[in-house]
Amino acid sequence: MEIREKIIESLQEALKKIKVKKYPEVLLERPKEREHGDFSTNISFSLAKELKKSPQEIAKRLVKDIRPDSKVIERVEEAKGFINFFLTEELLFENLVEISRKEQDYGRSKMGKGERIQIEMVSVNPTGPLHVGHSRGAAFADTLANILEASDYQVEREYYINDIGTQMENLGKSLRARYLELLGEEVAFPEHGYQGEYLVEIARRLKDREGDKHREEKIEFFTQYAYSDIIESIKKDLEDFRIRIDSWKRESDLYKEGKVKEILKNLKKKGYLYEKEGALWFRSSQFGDEKDRVIRKKDGSLTYLASDIAYHEDKFKRRFDHLINIWGADHHGYVERLQAAISALGHPKKSLDIVLYQLVKLSRSGKPVAMSTRRGEFITLREVMDEVGRDVARFSFCMRSSYSHLDFDLELAKKESPENPVYYVEYAHARISSIFKKAKEGKIEKRKIQGIDLKLLHTPEEKSILKLLALFPDIITSCARSYQVHSIPNYLREVASEFHTFYNRHRVLSEDAELTQARLALVEGVRIVLRNGLRLLGIEAPQRM
RNA sequence: GCGCCUGUAGCUCAGUCUGGAUAGAGCAUCGGAUUUCUAAUCCGACGGUCGCAGGUUCGAAUCCUGCCGGGCGCGCCA
C-alpha cells in the first residue's frame, strides 16, 4: 500500500467522529515548506462552512482523533487550519529495503489491472522522412506507453500508415520525375510534388541498381518503390530513437478487407448518413461536432474520415479496453468528428482519448527554422539524433507538458549540452557506479540490506533522499492517470540534485564500516530509482561519463 | 470571423485538472567551495503587477466573464 493511502485512511478514521452530510474527498499535497510536514491536507477548510467552526478548531479536533499509525506517521500537527503529517523514519527505511528488494520493479504498480490499451502513435504519412516535429510525439508516446506498462496495463503501440490517396500519387509522380531527370530527360516537376532531397537519393538508388529499365513504368510502380524505401527508413529511424512499434496498420488493408464499405453500410443502417449536393454526409453534428462532414465526395471517392472511422471500429473489434491516440496539435480540428463517429458507432466517448502534443518550434541560434515536408525544408529526426544525441532529444521532448509549445534550439541544445539536465541526471548515476567500483577495489563488500543499521542515515541530506525516493511510485501513477510524462524528468532531476548535494557533503566510503554499509544501501536506492526512471524515458543509465 | 492550445523571473518552463500557508526549478549574471568516492558537482546572491480588467470566495497563478498578445486549426485538401 502506498504511503499516501495509509495517511488518508487514518484521517478518514478520525473524520468518522465528525458528523457531516457529505464527507469531502481527502486530498493530500506535498507542502513546499519542510516545516509543514511531508504531507498536508486542507480538509478542515472545506468542513468549516457546514460545521460553522473555524478551520483551526476542526483541524485541532481531527489531530486529536487521529491515531497515528506509529509505523507510518511520526506525528500530526495543526497549523493555521492545515493538518500536517510527518512520516516516521522507519517507514522510509522500510521503503529503502523495498527498493532494494524490488530493484527494476520498484515504481511499478497494479493500477491498470491488466487492462488492454492501444496507443496509436507517430503515424506519419509515408511521403518523407520523420522530422523533428514528429520526434516529440514519438518520444512522448513511447514514454507514456512505458509508464502505462509499468502501471500494469497491457499496451500495444500501433503506427497507422496512410498509404493511399492523392498524396501517394504525388509521391510516385515526384519520384518518377527525379528518376527521369537522372536519365537525362527533361521533365516538368509535378505541381504538388515532394521536393525534398531524399527523393533524389531514392531515384539515384533505383537508377544505380536497375538502370533505365523503368523508364516506361506507370506511376503506381514509383509510388510503391518510394513507399517501401521511405517506410524502411522510418522504421530504422524509430528503432534508433528507441521507439518500439508493435503493430503497423495500413490504410489500404482496411479497403482490401472491405472494412470501409462495411462501416458505411453500418452507419447508413443507423441513419447517420444522408445525400446532399451529390455527396454523402455523416451527421456528426448530432454527436457534438460543429457541423456535418462529407464522407464521400461528389466524384465518388471517399474522404479520410471514412477510413478513419473504419480504422477505429477495427480497433474496437480487436478488443482493447481503451484507446489512446497521440496526435500533433495541428490535427485538433479532427478530434470532434472522430469522437462523434465513435459515439455514432455506439462506443462510449470515454473509450477513446486523444492526447495532443504541441508542435516543436525549432530554431537554430535563435532563428526560426521553417518546416515543410512538401517543399523539402525540414530538420529530420536523424539529423537531431546525430547533432544533439538521442538521449538529449528524448529527455528534452519529455521534459515539458505535451500541451506546452516547446522551443527547441539546435545550437543551444548542443552548446548547453554539458549542463543539459539529462547529463546532470546521468552524472549522478555514473558517480554512484563509481562509488561501487571503488568499494570493490577497496575490498568493501556490500552486505545484504536486512543486516544493515539504516538508523545511521540521519543527516538532513540523507533524509531528504529517502523521502524523495519514496515518492517515485506516486509520480508514475499520477503520470499514468493524466497521460502526461513530464513529471518523470523533473522528478529525476530532483533526485539527482539531492544526491549531488549529499555527495558533496558526505563520504559514502569511510573508516566507519557500519556507516559505509548504510550509505551504500542509500546510494544503491538512488541508483535504482534513477535507472528505472531513465528506462521509462528510453534512456540507458551510464556506468561512467 | 469561429474553435483548440498558450501567456508565471532576462530566457526556457513546473505549479492550473482537485482554489490554501512566504508563487518554485533550470539556464543566464555575480560571489564563493576541491590535498576526499568523477568539478558534467556543490553553496550563496540577484531576479515576480503569475498578460490586463472585472467577478465568485474566508482565501485566486489556479474557477467564471470580457479584453489583449503568441501558436495551430477551421474545404467535397491530404
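The structure presented is a predicted model; accordingly, all values stated were derived computationally and were not measured. In what follows, chains carry the letters A, B, and so on, assigned in the order in which the sequence lines appear, proteins first and then strands, with residues in each chain numbered from 1.
Listed nucleotides: rU38(B), rA21(B), rA14(B). Nearest to the side chain of A79(A): rA21(B). The side chain of I435(A) sits closest to rC37(B) out of rC37(B), rC76(B), rA40(B). Distance from the side chain of Y423(A) is smallest to rA40(B) among rU38(B), rA14(B), rA40(B). Minimum atom distance to the side chain of F45(A) is reached by rC58(B), of the listed rC58(B), rA14(B), rC5(B). Residue R431(A) places its side chain closer to rU38(B) than to any other of rU6(B), rU38(B), rU12(B). When each of rG71(B), rA78(B), rC74(B) is scored by its nearest atom to the side-chain atoms of H405(A), the top-ranked nucleotide is rG71(B). Distances were taken from every side-chain heavy atom of S40(A) (C-beta onward) to each of rA78(B), rA21(B), rA14(B); the shortest belongs to rA21(B). In the set rA40(B), rU38(B), rC76(B), rC76(B) carries the atom at the smallest distance from any side-chain atom of K298(A).
For rC67(B) and rG73(B), the P atoms lie 24 Å apart once the distance is rounded to whole Å. Taking the C1' atoms as reference points, rU29(B) lies 31 Å from rU16(B), given to the whole Å. Only the P atoms considered, rA28(B) is 22 Å distant from rG24(B), to the nearest whole Å. One C1' atom belongs to rC63(B), the other to rC72(B), and the distance between them is 26 Å to the nearest Å. Rounded to whole Å, the separation between the C1' atoms of rU36(B) and rC42(B) comes to 14 Å. Using atom P as the reference point in both rA9(B) and rA23(B), the two lie 14 Å apart (nearest Å). Distance check on atom C1': rA61(B) versus rA53(B) gives 16 Å, rounded to whole Å. Taking atom P on both nucleotides, rG31(B) is separated from rG70(B) by 39 Å, rounded to a whole Å.
Ring centroids of H429(A) and F499(A) are separated by 6.0 Å or more, keeping the two rings apart.
Nearest-nucleotide positions on RNA chain B place R505(A) closer to the 5' end than the other of E277(A) and R505(A). Remark on RNA chain B: of its neighbouring residues R507(A) and S301(A), the 5'-side contact belongs to R507(A), judged by nearest-heavy-atom nucleotide.
Base pairing annotation: rU22(B) forms no Watson-Crick or G-U wobble pair, as no partner gives both donor-acceptor distances under 3.5 Å. Taking a pair to require two hydrogen-bonding distances under 3.5 Å in either a Watson-Crick or a G-U wobble arrangement, rG66(B) pairs with rC52(B). Here rA45(B) sits opposite rU29(B) as a Watson-Crick or G-U wobble pair (both hydrogen-bonding atom distances under 3.5 Å). Nucleotide rU36(B) is matched to nothing when pairs are restricted to Watson-Crick or G-U wobble geometry with both distances under 3.5 angstrom. Nucleotide rG73(B): paired with rC2(B) (Watson-Crick or G-U wobble, both distances less than 3.5 Å). When Watson-Crick and G-U wobble pairs are counted only if both distances are under 3.5 Å, rG59(B) pairs with no nucleotide at all.
One finds no side-chain N or O of S510(A) lying less than 4.0 angstrom from the OP1 or OP2 phosphate oxygen of rC37(B). Applying the 4.0 Å criterion to OP1 and OP2 of rA40(B), one finds that Y427(A) has a side-chain N or O inside that range. Here T166(A) reaches the OP1 or OP2 of rA78(B): one of its side-chain N or O atoms lies under 4.0 Å away. Using a 4.0 Å cut-off, some side-chain N or O of H486(A) falls inside it from OP1 or OP2 of rG15(B). When the side-chain nitrogen and oxygen atoms of K361(A) are compared with OP1 and OP2 of rC5(B), none of them lie within a distance under 4.0 Å.
Per the geometry, NE2 belonging to H331(A) stands 16 Å off P belonging to rC77(B), to the nearest Å. With rounding to whole Å, R400(A) atom CZ is found 14 Å from rC11(B) atom P. The interatomic distance linking D292(A) (CG) with rC76(B) (P) rounds to 11 Å, in whole Å. One interatomic measurement links the two molecules: OH of Y334(A) to P of rA78(B), which rounds to 10 Å at whole-angstrom precision. The distance between atom NZ of K173(A) and atom C1' of rA78(B), rounded to the nearest whole Å, is 14 Å. At whole-Å resolution of the value, NZ in K291(A) and P in rG73(B) are 16 Å apart. If you take CD1 of I488(A) and P of rC13(B), they are 20 Å apart, rounded to a whole angstrom. Nucleotide rC76(B) holds its P atom 9 Å from the CZ atom of R337(A), rounded to whole Å.
Among all heavy-atom pairs drawn from E336(A) and D289(A), the shortest one is CB-OD1, 3.4 Å.
The existence of a salt bridge linking K249(A) and D253(A) is excluded, since no basic side-chain nitrogen approaches an acidic carboxylate oxygen closer than 4.0 Å.
Using modelled atom types, one finds a donor on one side chain and an acceptor on the other under 3.5 Å when comparing D292(A) with Y274(A). Judged purely by distance below 3.5 Å, without hydrogens or angles, the side chains of E498(A) and Y503(A) never pair a donor atom with an acceptor atom. Of the N and O atoms on the side chains of T459(A) and E462(A), at least one donor lies less than 3.5 Å from an acceptor on the other residue. A donor-acceptor contact closer than 3.5 angstrom links the side chains of E251(A) and N162(A).
Looking at heavy-atom distances under 4.0 Å, N84(A) makes contact with a base. Across all strands shown, A279(A) has heavy atoms under 4.0 Å from base atoms, whether or not it also approaches the sugar-phosphate. Nucleic acid contact class of K440(A) (heavy atoms, under 4.0 Å, all strands): none. Residue contacts shown for L406(A) are limited to sugar-phosphate atoms, with no base heavy atom under 4.0 Å away. Within 4.0 Å (heavy atoms only), H506(A) reaches at least one base atom of the nucleic acid. If you check every strand for non-hydrogen atoms under 4.0 Å, F82(A) touches a base. In this structure, N42(A) reaches the bases: a heavy-atom distance under 4.0 Å links it to at least one base atom across the strands shown.
The stretch residues 493-504 of chain A touches RNA chain B through R493(A), H500(A), T501(A), Y503(A), N504(A), each having a heavy atom within less than 4.0 Å of the strand.
In this structure, Y424(A) does not count as stacked on the base of rA40(B) under the 5.5 Å centre distance and 30° plane angle limits. Both thresholds, 5.5 Å between centres and 30° between ring planes, are not jointly met by H332(A) relative to the base of rG73(B), so the two rings are not stacked.
M545(A) places none of its side-chain heavy atoms less than 4.5 Å from the side chain of R431(A). Proximity of K349(A) to I342(A): side-chain heavy atoms (C-beta onward) are nowhere separated by under 4.5 Å.
Environment of CZ in R176(A): sparse, with no more than 12 heavy atoms of neighbouring residues, nucleotides or ligands closer than 6.0 Å. In the displayed structure, K276(A) atom NZ is contacted under 6.0 Å by more than 12 heavy atoms of other residues, nucleotides or ligands.
Scanning atom types as modelled, no donor and acceptor separated by under 3.5 angstrom connect the side chain of H192(A) and the base of rC77(B).
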Please report the C-alpha distance between D299(A) and S301(A) in whole Å, then the side-chain angles of each, then the deciding distance to 0.1 Å, and finally whether the side-chain hydrogen bond (donor to acceptor under 3.5 Å, both in side chains) criterion is met.
-> CA-CA 6 Å; D299(A) 69 2; S301(A) 63; 2.7 Å; yes
